[in-house]
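For reference, the structure discussed in these notes is given below.
Atoms within a ligand are numbered from 1 in the order they appear, just like the ligands themselves.
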Amino acid sequence: MTEPRHDWTREEILALYNSPALDLVYRAATIHRENNDPNEVQVCTLLSIKTGGCPEDCAYCPQAARYHTDVDVHKLMNVEEVVRVAREAKESGSTRFCMGAAWREVRNNRDFEKVLDMVREVKALDLEVCATLGMVDQAQANALAEAGLTAYNHNLDTSEEHYGEIITTRTYDDRLKTLEHVRQSGVHVCSGGIIGLGETVEDRIGMLHTLSNLNPHPDSVPVNALVPVAGTPLEHQPRVDSWEMIRMIATARIIMPKSQIRLSAGRVQMNTEEQALCFLAGANSIFAGDKLLTTPNPEVNADQQMFDKLGLYPRPAYKDEKQPVGV
Ligand code: SAM
Ligand code: DTB
Ligand code: SF4
């Protein structure tokens, strides 16, 4: 088993991505088996704890206030409501609960205190707890760590070169700074991106290059296919072909062998065979439940049938932690 590398070049990554599909999947599957249990898949549930009305201009996002989409805008939920949904997620088989807020950044106010309470209470259910709240500074990341947060999601979304076409209200460097604050706090870093934004293959490689040159690699890497939403600038983008997802996942698996690679947004468009190829190529995490943040996702029953058919089993919560939860 070779140790993860942090010096992958763009040329090497491009050559992998463009190799014959079956060679690429075979190689990724081999590396996956050397580093992970290939039949174990992490099951995460997402909840939008604060929806819509966001000041940012992310071209893909239904929650940006400046686009006219039909999301139901909602202020920050109550702690009790969130805990109820988390308990249901646990009962339906999820081991990680991820809370998303349509914020540009975390502010040091009552809402942040409420989120810290949510983290503490969800953790007390023995679920892994993740949050995606926009940019955080070092003190905020430390406060989240102290409350018991397992992971923080903050995506690069695309390459540095393409970034300006997608978001103008903050910079690539801002994103990398947030990731560094999270890493310093000891909270696991979850960072990946979206394909189908109108980017080139070189942009995809650029994003994978930045992720794989982080040291350590992000603990988890979500690979999202754009969910085109009416009212957003990207509403007419063509659907991402499954082989593009498979190539992204396989390439990510080879260059970040120990990370959780998450087959994220876009599963509603994929059948069991297409998703099975993603798992073969190294995906080992999904979002479960019939809603992502605001858009549809496969039903829990459909995923249960897929797990049964493929003989997959869920990854236990806190598998790699040395101390049992609560000790
Ligand atoms: N506001 C915070 C932020 O931007 O970091 C957290 C929530 S934001 C919705 C989390 C991520 O969801 C984005 O970075 C993006 O990668 C993904 N996302 C949002 N809308 C999407 C869409 N229509 N299709 C696919 N992924 C999407
Ligand atoms: C990620 O990479 N994908 C998730 C999660 N991180 C927060 C979000 C996908 C959102 C898809 C659009 C929506 O449902 O609003
Ligand atoms: Fe706001 Fe996040 Fe959507 Fe961008 S992706 S508009 S920051 S909610």
Side-chain angles (χ1 to χ4, degrees), residues 42 44-67 69-74 76 96-107 115 130-136 151-158 162-163 166-172 174-179 181-182 189-199 207 211 218 220-237 239-240 245 248-249 252 260-269 283 285-298:
Q42 180 188 47
C44 317
T45 293
L46 271 174
L47 175 67
S48 182
I49 57 171
K50 187 269 172 183
T51 309
C54 182
E56 299 290 87
D57 70 349
C58 310
Y60 48 76
C61 188
Q63 303 198 65
R66 65 191 72 200
Y67 311 135
T69 63
D70 66 5
V71 290
D72 291 327
V73 177
H74 198 291
L76 187 66
R96 176 175 284 194
F97 189 69
C98 180
M99 301 179 281
W103 286 333
R104 167 185 162 80
E105 71 224 322
V106 169
R107 303 251 171 94
V115 171
C130 175
T132 179
L133 314 168
M135 295 185 281
V136 289
Y152 194 82
N153 167 251
H154 197 64
N155 290 336
L156 293 182
D157 280 344
T158 189
H162 190 61
Y163 188 81
I166 302 298
I167 303 151
T168 68
T169 48
R170 67 187 128 135
T171 66
Y172 214 63
D174 289 332
R175 298 234 164 193
L176 292 167
K177 281 201 187 103
T178 286
L179 295 182
H181 297 148
V182 173
V189 171
C190 172
S191 188
I194 313 177
I195 62 172
L197 304 173
E199 75 286 346
M207 181 180 85
L211 291 169
S220 42
V221 180
V223 179
N224 296 277
L226 174 72
V227 183
V229 177
T232 62
L234 298 180
E235 68 174 307
H236 298 303
Q237 275 299 117
R239 183 191 154 207
V240 169
M245 283 299 267
M248 274 305 275
I249 288 169
Q260 300 278 129
I261 307 290
R262 185 169 307 122
L263 168 57
S264 304
R267 285 200 307 119
V268 268
Q269 304 287 346
S285 177
I286 58 166
F287 288 120
D290 59 6
K291 204 149 98 178
L292 289 164
L293 289 171
T294 66
T295 64
N297 195 47

As a test of the contact definition, would atom 12 (O) of ligand 1 count as having a protein heavy-atom neighbour under 4.0 Å?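 When distances to the protein are checked, atom 12 (O) of ligand 1 has no heavy atom within 4.0 Å.
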Under 4.0 Å and counting heavy atoms only, is there anything from the protein next to atom 1 (N) of ligand 1?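 For atom 1 (N) of ligand 1 the answer is yes, since some protein heavy atom falls inside 4.0 Å.
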So which protein heavy atom does [atom] come closest to, and at what separation?
{"atom": "atom 7 (S) of ligand 3", "answer": "R170 NH2, 2.8 Å"}
{"atom": "atom 14 (O) of ligand 1", "answer": "D157 OD1, 3.2 Å"}
{"atom": "atom 8 (S) of ligand 1", "answer": "L293 CD1, 4.5 Å"}

Under the side-chain hydrogen bond (donor to acceptor under 3.5 Å, both in side chains) rule, what do S285 and Q42 come out as? Steps first, then yes or no, please. CA-CA 4 Å; S285 177; Q42 180 188 47; 2.8 Å; yes
Looking only at heavy atoms of K50, does any of them come nearer than 4.0 Å to an atom of ligand 3?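 Contact absent.
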Rounded to the nearest 0.5 Å, how far apart are CD1 of I261 and CD1 of I286?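 Separation between the atoms: 15.0 Å.
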Under 4.0 Å from ligand 1, counting heavy atoms only, is it the side chain of [X], its backbone, both or neither?
{"X": "T132", "answer": "both"}
{"X": "P228", "answer": "neither"}
{"X": "A101", "answer": "backbone"}
{"X": "R170", "answer": "side chain"}
{"X": "T232", "answer": "neither"}
{"X": "H154", "answer": "side chain"}
{"X": "T295", "answer": "neither"}

Within ligand 2, which atoms have a heavy atom of [X] less than 4.0 Å away?
{"X": "P222", "result": "2 (O)"}
{"X": "T132", "result": "7 (C)"}
{"X": "N153", "result": "6 (N), 7 (C)"}
{"X": "T294", "result": "13 (C), 14 (O), 15 (O)"}

Closest non-hydrogen atom pair between C54 and A102, with its separation: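 So the minimum-distance heavy-atom pair works out to CB-O, 3.6 Å.
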Under 2.8 Å from atom 3 (Fe) of ligand 3, which protein N, O or S atoms are there? Could you list them by chain and number?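 Only C61 SG fall inside 2.8 Å of atom 3 (Fe) of ligand 3.
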Could you pull out every donor-acceptor pair under 3.5 Å between side chains of residues 222-235 and any protein atom, sequence neighbours left out?
| from | atom 1 | to | atom 2 | distance (Å) |
| --- | --- | --- | --- | --- |
| N224 | OD1 | A265 | N | 3.0 |
| N224 | ND2 | G193 | O | 3.1 |
| T232 | OG1 | V229 | O | 2.6 |

Contact check, C58 vs ligand 1, heavy-atom distance below 4.0 Å: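 No; C58 lies far enough from ligand 1 that no heavy-atom distance drops under 4.0 Å.
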Does at least one non-hydrogen atom of G134 fall below 4.0 angstrom from an atom of ligand 1?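 The answer is yes: ligand 1 sits under 4.0 Å from a heavy atom of G134.
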Can the positive tip of R267 be found less than 6.0 Å from the middle of the six-membered ring of F287, inside 45° of the ring normal?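 No cation-pi geometry.
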Decide side-chain contact (heavy atoms from CB on, under 4.5 Å) for I166 and D157; before the verdict, give the C-alpha distance in whole Å, the side-chain angles of both, and the deciding distance to 0.1 Å. CA-CA 9 Å; I166 302 298; D157 280 344; 5.6 Å; no
Test side-chain hydrogen bond (donor to acceptor under 3.5 Å, both in side chains) on N155 and S191; report intermediate values, then the result. CA-CA 4 Å; N155 290 336; S191 188; 4.7 Å; no
Which atoms of ligand 1 are found less than 4.0 Å from any heavy atom of W103?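 Taking each heavy atom of W103 in turn, ligand 1 has 1 (N), 2 (C) under 4.0 Å.
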Check the surroundings of atom CZ in R107: do more than 12 heavy atoms from other residues, nucleotides or ligands lie under 6.0 Å from it?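 Not buried by this count: 12 neighbours or fewer within 6.0 Å.
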Polar contacts were defined as any N/O atom of the residue lying under 3.5 Å from an N/O atom of the ligand; does this apply to S264 and ligand 2?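 It does not: no N or O of S264 is found under 3.5 Å from an N or O of ligand 2.
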